[in-house]
Peer 1: 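Just dropping this structure here.
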Amino acid sequence: MTHILDRPIWNALQTTRAGIAEGGPLARRYPPGIVPFAAAADDTPESLEALAALPRPDETMALVEPRSATVPDGLNIVGEATLIQMIARTPHDPLSDPRITPLTEADAEEMLALAQLTKPGPFTLGAQKLGTFWGIKNSGKLIAMGGQRLKQTGFTELSGLCTHPDFQGKGLGKLLFRYVAGHIAASGATAYLHVNALNTGAIALYKTLGFEQRWELNLKIVRRRD
């Protein structure tokens, strides 16, 4: 493994997100109020012990690794999935649309509610601390959104893309996808994303929108053992 996206969590916490990382040289995590991702430096007993010490009681962490992550003693697996990492083949052109507006902290509760309804992936009230989110509203209510999450040097993850079920099928998701990808490209970074391997419809859609499969990752949700 030589590419910075091969271990996206650890490499983000080592570089662009080092300033907010909790932990030390052997294991690090994002603050749980922002996102539950964590990673060990390697599979040595010392690093795994440091990883097991990160969560507080009743907290979960998400481990994302290119192979099945080694789960240390003291942590139980409570969920698992295979993720497909996809990356933009070419930069997306910036676009504008009057329906799309930047979201702010005042929108955080609605953003969380939309994410809990549509389940695009781990999402918290602090998600905006990782990057800008944009949304589309109808009669003042948030009905679709998309934004940025993980960042490594030269790369930014497109994340949190979701549309309220009552407004799906109207092209809002595609519009926000292109909009966020265009912003990422304009910043000089390459856009990428993660999608559940079982979500073949989304994978096919993202391919039509200019992304290609790069890497397969294993996601494990773990909880501290009482």
Side-chain angles (χ1 to χ4, degrees), residues 5 8 12 16 34-35 81 83-152 154-215 217:
L5 295 184
T16 57
I34 297 178
V35 75
L83 303 179
I84 302 299
Q85 185 183 87
M86 303 184 73
I87 192 167
R89 290 191 294 268
T90 58
H92 285 63
D93 293 329
L95 61 84
S96 61
D97 189 294
R99 294 172 292 176
I100 300 175
T101 59
L103 298 177
T104 70
E105 290 185 8
D107 300 301
E109 293 282 355
E110 273 198 284
M111 293 169 65
L112 180 61
L114 183 59
Q116 290 175 334
L117 177 66
T118 57
K119 304 187 185 307
F123 201 90
T124 70
L125 287 173
Q128 293 178 80
K129 290 182 172 65
L130 295 181
T132 305
F133 277 75
W134 294 268
I136 297 174
K137 297 182 179 183
N138 181 67
S139 300
K141 300 295 184 181
L142 183 66
I143 60 170
M145 69 176 181
Q148 305 167 3
R149 187 171 60 181
L150 300 180
K151 291 189 178 183
Q152 298 81 11
F155 298 90
T156 298
E157 182 192 27
L158 193 161
S159 183
L161 188 73
C162 54
T163 302
H164 191 284
D166 292 345
F167 294 90
Q168 291 176 2
K170 300 179 183 298
L172 301 182
K174 291 181 182 179
L175 174 62
L176 280 164
F177 185 102
R178 293 190 177 101
Y179 188 90
V180 178
H183 266 269
I184 293 172
S187 74
T190 298
Y192 73 101
L193 58 84
H194 295 104
V195 59
N196 192 305
L198 298 178
N199 195 347
T200 55
I203 293 170
L205 173 62
Y206 298 152
K207 287 180 178 179
T208 69
L209 293 171
F211 276 54
E212 63 186 4
Q213 182 172 333
R214 182 194 168 270
W215 197 245
L217 297 160

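These numbers come from the heavy atoms of this one structure, side chains and all, not from hydrogens, waters or symmetry mates.
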Peer 1: Could you give me the CA-CA distance, side-chain angles and deciding distance for I143 and D166, then say whether side chain to side chain contact (heavy atoms under 4.5 Å, CB included) is met?
Peer 2: CA-CA 8 Å; I143 60 170; D166 292 345; over 6 Å; no

Peer 1: When rounded to the nearest 0.5 angstrom, what distance separates CG in L142 from CG in L112?
Peer 2: 11.5 Å

Peer 1: Can you tell me how far CD1 of I203 sits from CG of L198, rounded to the nearest 0.5 angstrom?
Peer 2: 8.5 Å

Peer 1: Identify the heavy atoms of G131 and F133 that sit nearest to each other, and give their distance.
Peer 2: O-CD1, 3.5 Å

Peer 1: Where do A108 and L125 come nearest, in terms of heavy atoms and distance?
Peer 2: O-CD2, 3.6 Å

Peer 1: For E109, I'd like to know if atom CD has over 12 heavy atoms of other residues, nucleotides or ligands within 6.0 Å.
Peer 2: no

Peer 1: Side chains of L193 and R149: does their closest heavy-atom pair fall under 4.5 Å?
Peer 2: no

Peer 1: Using the ring of each side chain (for Trp, its six-membered ring), is F177 parallel, tilted or perpendicular to Y206, with breaks at 30° and 60°?
Peer 2: parallel

Peer 1: If you compare all heavy atoms of V195 against all heavy atoms of A202, which two are closest, and at what distance to 0.1 Å?
Peer 2: CG2-CB, 3.9 Å

Peer 1: Would you say that M145 contacts D107 through its side chain, given a criterion of any heavy-atom pair below 4.5 Å between the two side chains?
Peer 2: no

Peer 1: Using a 4.5 Å cut-off on heavy atoms from C-beta on, say whether the side chain of R99 contacts that of W134.
Peer 2: no

Peer 1: If I take atom CG from residue L158 and atom CD1 from residue I184, how far apart are they, to the nearest 0.5 angstrom?
Peer 2: 4.5 Å

Peer 1: A side-chain contact here means heavy atoms from C-beta on lying under 4.5 Å apart; do L209 and R178 qualify?
Peer 2: yes

Peer 1: I need the full list of side-chain hydrogen bond (donor to acceptor under 3.5 Å, both in side chains) pairs touching residues 188-199, with sequence neighbours left out, sorted by first then second residue.
Peer 2: Q85-H194, Q152-Y192, E157-H194

Peer 1: Rounded to the nearest 0.5 Å, what separation is found between the NE2 atom of H92 and the CZ atom of F211?
Peer 2: 5.0 Å

Peer 1: What is the minimum heavy-atom distance between F155 and I87, and which atoms define it?
Peer 2: CE2-CD1, 3.8 Å

Peer 1: At what distance, to the nearest 0.5 angstrom, does NZ of K174 lie from CG of L161?
Peer 2: 12.0 Å

Peer 1: Show the nearest heavy-atom pair for residues T118 and T163, with the distance to one decimal.
Peer 2: CG2-O, 3.3 Å

Peer 1: Is the side chain of R214 donor-acceptor paired with the backbone N or O of M86 at a distance under 3.5 Å, no angle test?
Peer 2: no

Peer 1: Using modelled atom types and a 3.5 Å cut-off, is there a donor and acceptor pairing between side-chain atoms of E110 and backbone atoms of K141?
Peer 2: no

Peer 1: Please tell me if the side chains of L150 and S159 come closer than 4.5 Å, counting only heavy atoms from C-beta onward.
Peer 2: no

Peer 1: First locate atom CG of L176, then atom CD1 of I136, and finally report the distance between them rounded to the nearest 0.5 Å.
Peer 2: 4.0 Å

Peer 1: Show the nearest heavy-atom pair for residues L217 and P8, with the distance to one decimal.
Peer 2: CD1-CG, 4.2 Å

